[in-house]
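For reference, the structure is listed below as structure tokens.
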Amino acid sequence: MTFELQHTDPSSDARAGLITTAHGQIKTPIFMPVGTAGTVKAVHFRELKEQINAQIILGNTYHLYLRPGLDILKAAGGLHKFNGWDRPILTDSGGFQVFSLTGIRKLREEGCEFRSHIDGSKHFFSPESVMDTERIIGADIMMAFDECPPGDCDYQYAKTSLAMTHRWLDRCIKRFNETQPLYGYDQCLFPIVQGAAYKDLREESAKYIADKGADGNAIGGLAVGEPTEVMYEMIEVVNAILPKDKPRYLMGVGTPQNILEGIERGVDMFDCVMPTRNGRNAMLFTYEGTMNMRNKKWENDFTPIDPNGCDTDQLCTKAYLHHLFKAKEYLALQIASIHNLAFYLRLVTDARQHIQQGDFSTWKRGIIEQLGRRI
């Protein structure tokens with residue numbers, strides 16, 4: 001994987017770049033739709049390519065490990081062959097999912113023992129086994145196995161957790177270097193900065209990660225309960241240390257406003273389930289604000305969902321989508337998911353264009369407030 005830094009905004013840390021992987025190029029800043037179990041919920045790959053213009057999607061190591069399982073994925077030739085997606089894929093390490101299984105997991109130095117949320121069966125993830133699993137999945141970008149501490153954890157917990165995350169990272173790197181890709185193309189490994197909401201721990205982690213010289217670096221453990229202003233502060237602290245010539249990935253974030261604030265602070269890559277999850281619950285994101293499509297106000301509105309949006313937005317009216325949600329038709333989930341993902345990709349594409357033009361900060365200030373208002 002290579003990263004070319006192409007443009008920087010003169011009045012902020014916003015940047016535009018180009019990531020090149022074995023399965024294609026990614027123009028940054030970029031939003032990555034989440035394909036938890038090998039599919040982006042309610043959205044066909046045709047729409048992901050033709051309407052949403054997704055350049056990379058995510059797969060979830062925890063979920064893919066449990067279903068369909070590693071034997072199936074290996075026999076298929078990896079996730080690309082299994083699901084038919086021929087563009088880049090990033091896999092998380094499963095750490096966030098495993099550690100969210102409060103009460104059915106046991107954490108120790110060797111790794112984490114957990115029970116499946118599907119059938120209660122017992123499993124074990126270690127840094128080494130996660131690297132082997134991600135090799136079998138075959139993602140272009142693999143994430144290191146880490147612990148994601150709660151946003152409100154105390155200092156001692158965060159410090160102890162961070163030390164173990166760093167030890168696990170060293171084991172991940174060792175295993176990654178000892179093994180080879182299984183399907184004839186290169187994979188790369190991103191370490192993850194942790195440290196909760198404590199500035200000194202974030203600085204310590206960013207320095208530790210930067211010294212590894214990885215192809216890219218991730219910022220984890222944010223948007224997990226801490227105040228928004230603390231999240232932005234931690235991004236600034238970390239990005240002041242992480243190398244500028246490598247892509248920076250902010251994990252699991254977030255709203256359109258969060259994404260623009262992250263871009264302004266030098267983040268290149270984002271992912272979040274929000275556009276699809278909120279879409280399935282009738283909430284649409286637009287440049288004018290958010291719309292709840294179950295509200296009666298849309299019942300007689302025969303204007304397009306978004307006249308400047310994707311094909312689906314221009315073909316479907318607000319009244320029709322309102323009707324589909326009221327009638328509990330599955331098509332409502334698909335239309336709303338396509339709209340929200342297309343909007344997120346449009347947002348980062350527009351951000352890239354304004355970075356290239358040198359007026360990103362001015363553009364962002366002009367739209368940031370209206371993005372969050374309710375229409």
Side-chain angles (χ1 to χ4, degrees), residues 31-54 57-58 60 63 97 100 117 223-225 227-228 231 252-262 270-351 366-375:
F31 179 82
M32 304 178 285
V34 177
T36 300
T39 175
V40 178
K41 289 186 186 299
V43 181
H44 192 277
F45 285 155
R46 180 179 59 251
E47 277 71 41
L48 275 175
K49 287 183 175 182
E50 296 176 3
Q51 294 198 62
I52 296 165
N53 194 29
I57 63 172
L58 265 69
N60 183 273
H63 288 280
Q97 285 71 31
S100 67
H117 72 286
V224 290
T228 303
M231 176 175 71
V253 179
T255 66
Q257 304 97 301
N258 294 156
I259 288 174
L260 291 184
E261 296 288 356
F270 303 84
D271 81 284
C272 190
V273 297
M274 186 171 287
T276 47
R277 179 177 290 170
N278 286 27
R280 296 194 304 274
N281 286 286
M283 181 182 183
L284 301 191
F285 296 97
T286 76
Y287 267 120
E288 286 69 44
T290 60
M291 301 189 296
N292 183 342
M293 299 314 297
R294 291 196 178 96
N295 287 350
K296 188 175 177 61
K297 67 181 294 184
W298 309 117
E299 186 177 36
N300 298 308
D301 189 331
F302 302 108
T303 61
I305 295 172
D306 186 342
N308 300 310
C310 64
D311 289 347
T312 295
D313 288 340
Q314 297 176 49
L315 287 170
C316 297
T317 66
K318 298 181 182 75
Y320 181 56
L321 184 55
H322 168 80
H323 157 70
L324 292 176
F325 272 111
K326 295 295 285 186
K328 298 183 179 179
E329 288 286 344
Y330 292 137
L331 183 58
L333 314 184
Q334 184 181 38
I335 290 173
S337 297
I338 290 171
H339 163 82
N340 278 348
L341 287 174
F343 172 73
Y344 268 60
L345 268 296
R346 179 177 155 205
L347 183 71
V348 295
T349 300
D350 290 349
I367 65 168
I368 192 74
E369 288 188 14
Q370 68 192 40
L371 285 170
R373 72 184 181 98
R374 295 181 182 273
I375 303 175

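What's counted below: heavy atoms across the whole structure, side chains too, no hydrogens, waters or symmetry copies. Note that the structure is a prediction, hence the values are computed from the model and not measured.
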Got a second to check how far [X]'s [atom1] is from [Y]'s [atom2], nearest 0.5 Å?
{"X": "C272", "Y": "I259", "atom1": "SG", "atom2": "CD1", "result": "7.0 Å"}
{"X": "R373", "Y": "L371", "atom1": "CZ", "atom2": "CG", "result": "10.0 Å"}
{"X": "R346", "Y": "N308", "atom1": "CZ", "atom2": "CG", "result": "5.5 Å"}
{"X": "L347", "Y": "Q257", "atom1": "CG", "atom2": "CD", "result": "9.5 Å"}
{"X": "L341", "Y": "I52", "atom1": "CG", "atom2": "CD1", "result": "4.5 Å"}

Are the side chain of [X] and the backbone of [Y] linked by a donor-acceptor contact shorter than 3.5 Å?
{"X": "Q51", "Y": "T312", "answer": "yes"}
{"X": "R374", "Y": "G289", "answer": "no"}
{"X": "N295", "Y": "K297", "answer": "no"}

Can you check whether [X] reaches [Y] side chain to side chain, under 4.5 Å on heavy atoms?
{"X": "M291", "Y": "M283", "answer": "no"}
{"X": "P33", "Y": "V43", "answer": "no"}
{"X": "M293", "Y": "L284", "answer": "yes"}
{"X": "C316", "Y": "L321", "answer": "no"}
{"X": "T303", "Y": "K318", "answer": "yes"}
{"X": "I305", "Y": "T317", "answer": "no"}
{"X": "T286", "Y": "I375", "answer": "yes"}

Do you know which two heavy atoms are closest between [X] and [Y], and how far apart they sit?
{"X": "C310", "Y": "I338", "answer": "SG-CG2, 4.0 Å"}
{"X": "G252", "Y": "D271", "answer": "N-OD1, 2.9 Å"}
{"X": "P275", "Y": "F31", "answer": "CG-CZ, 3.7 Å"}
{"X": "A282", "Y": "F325", "answer": "CA-CZ, 3.4 Å"}
{"X": "E299", "Y": "A319", "answer": "O-CB, 3.3 Å"}
{"X": "R280", "Y": "R294", "answer": "O-NH2, 4.3 Å"}

What residues form a salt bridge (charged side-chain N to carboxylate O under 4.0 Å, His left out) with K49, not counting sequence neighbours? D86
M274 vs T255, side chain to side chain contact (heavy atoms under 4.5 Å, CB included): CA-CA, chis, key distance, verdict: CA-CA 7 Å; M274 186 171 287; T255 66; 3.6 Å; yes
Would you list the pairs meeting ring pair (Phe, Tyr, Trp, His ring centres under 6.0 Å) in which at least one residue belongs to residues 279-313, sequence neighbours left out? F285-Y344, Y287-F343
Once side chain to side chain donor-acceptor pair (under 3.5 Å) is applied, what residue pairs with a partner in residues 32-47 remain, sequence neighbours excluded? none
Name all pairs fulfilling the side chain to side chain donor-acceptor pair (under 3.5 Å) condition that reach into residues 326-343, sequence neighbours left out, sorted by first residue then second. D313-H339
Test side chain to side chain contact (heavy atoms under 4.5 Å, CB included) on D311 and E50 and set out the steps. CA-CA 9 Å; D311 289 347; E50 296 176 3; over 6 Å; no
Could you check V40 against V34 for side chain to side chain contact (heavy atoms under 4.5 Å, CB included), going step by step and ending with a plain yes or no? CA-CA 6 Å; V40 178; V34 177; over 6 Å; no
Contacts of N292 meeting side-chain hydrogen bond (donor to acceptor under 3.5 Å, both in side chains) (sequence neighbours excluded), chain-then-number -> none
Stepwise side chain to side chain contact (heavy atoms under 4.5 Å, CB included) check, L260 with I367: CA-CA 10 Å; L260 291 184; I367 65 168; 3.7 Å; yes
Heavy-atom neighbours of R277 CZ exceed 12 at 6.0 Å: no
With sequence neighbours excluded, residues passing side-chain contact (heavy atoms from CB on, under 4.5 Å) with A37: none
